[in-house]
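The structure appears right after this line, and notes come after that.
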Amino acid sequence: KRTESGLIEVGDIIVKIGEFKVTTEADLFVALEKFKPGDVVPVVVNRQDLTASGKGGNKLELKEKTLYVHLQASDKMAMSKVLLPEE
């Protein structure tokens, strides 16, 4: 779920979730497992930024941006909890 200050955009490269560095898809899932639905988590992304260059052209750069994302459970996770046998 995105909050007003935590809009993850197509093309963003996630490099950190909380204090956990993300360099692979596995890192992303390990980091997310450290939090629970309802947590608001700082997510650092590298985002493309088109800036004007000195010669009248534009230059594409990656800029680091910190977003605050409100986590929620996915529908599949909610369904999987219903299907688990009782202990």
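Residue indices begin at 1 and follow the sequence shown. Values in this document were obtained by computation on a predicted structure and should not be read as measured data. FYI, side chains are in, hydrogens and waters are out, and symmetry mates aren't considered; it's all heavy atoms of this structure.
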When rounded to the nearest 0.5 angstrom, what is the spacing between CD1 in I17 and CG in L32? 4.0 Å
L62 vs D49 side-chain heavy atoms within contact, under 4.5 Å: no
Matching residue for V45 among V15, T66, L67, I13 - test: side chain to side chain contact (heavy atoms under 4.5 Å, CB included): L67
Shared hydrophobic cluster for V30 and F35 (ILVMFWY, side-chain gaps under 4.5 Å): no
Minimum heavy-atom distance A73-P37, with the two atoms named: N-CB, 3.7 Å
Kindly check if the number of other-residue, nucleotide or ligand heavy atoms within 6.0 Å of CD (E25) is above 12? no
Minimum heavy-atom separation for L60 and Q48, please, with both atom names. CD1-CB, 3.9 Å
Let me confirm one number: the CZ-CD distance from R47 to E9, rounded to the nearest 0.5 Å. 3.5 Å
Would you say V44 ends up clustered with I8 if hydrophobic residues are merged whenever their side chains have heavy atoms under 4.5 Å apart, either directly or through other cluster members? no
Inter-residue atom distance F29.CZ - T24.OG1, 0.5 Å rounding: 10.0 Å
Only counting residues at least two apart or in another chain, list the ones meeting side-chain hydrogen bond (donor to acceptor under 3.5 Å, both in side chains) with K34. none
Please name the pair of heavy atoms, one in D27 and one in T23, separated by the smallest distance, quoted to 0.1 Å. OD2-OG1, 2.7 Å
Do K65 and K63 come within less than 4.5 Å of each other through their side chains, counting heavy atoms only? no
Rounded at 0.5 Å granularity, tell me how far CD in E64 sits from CG in N46. 6.0 Å
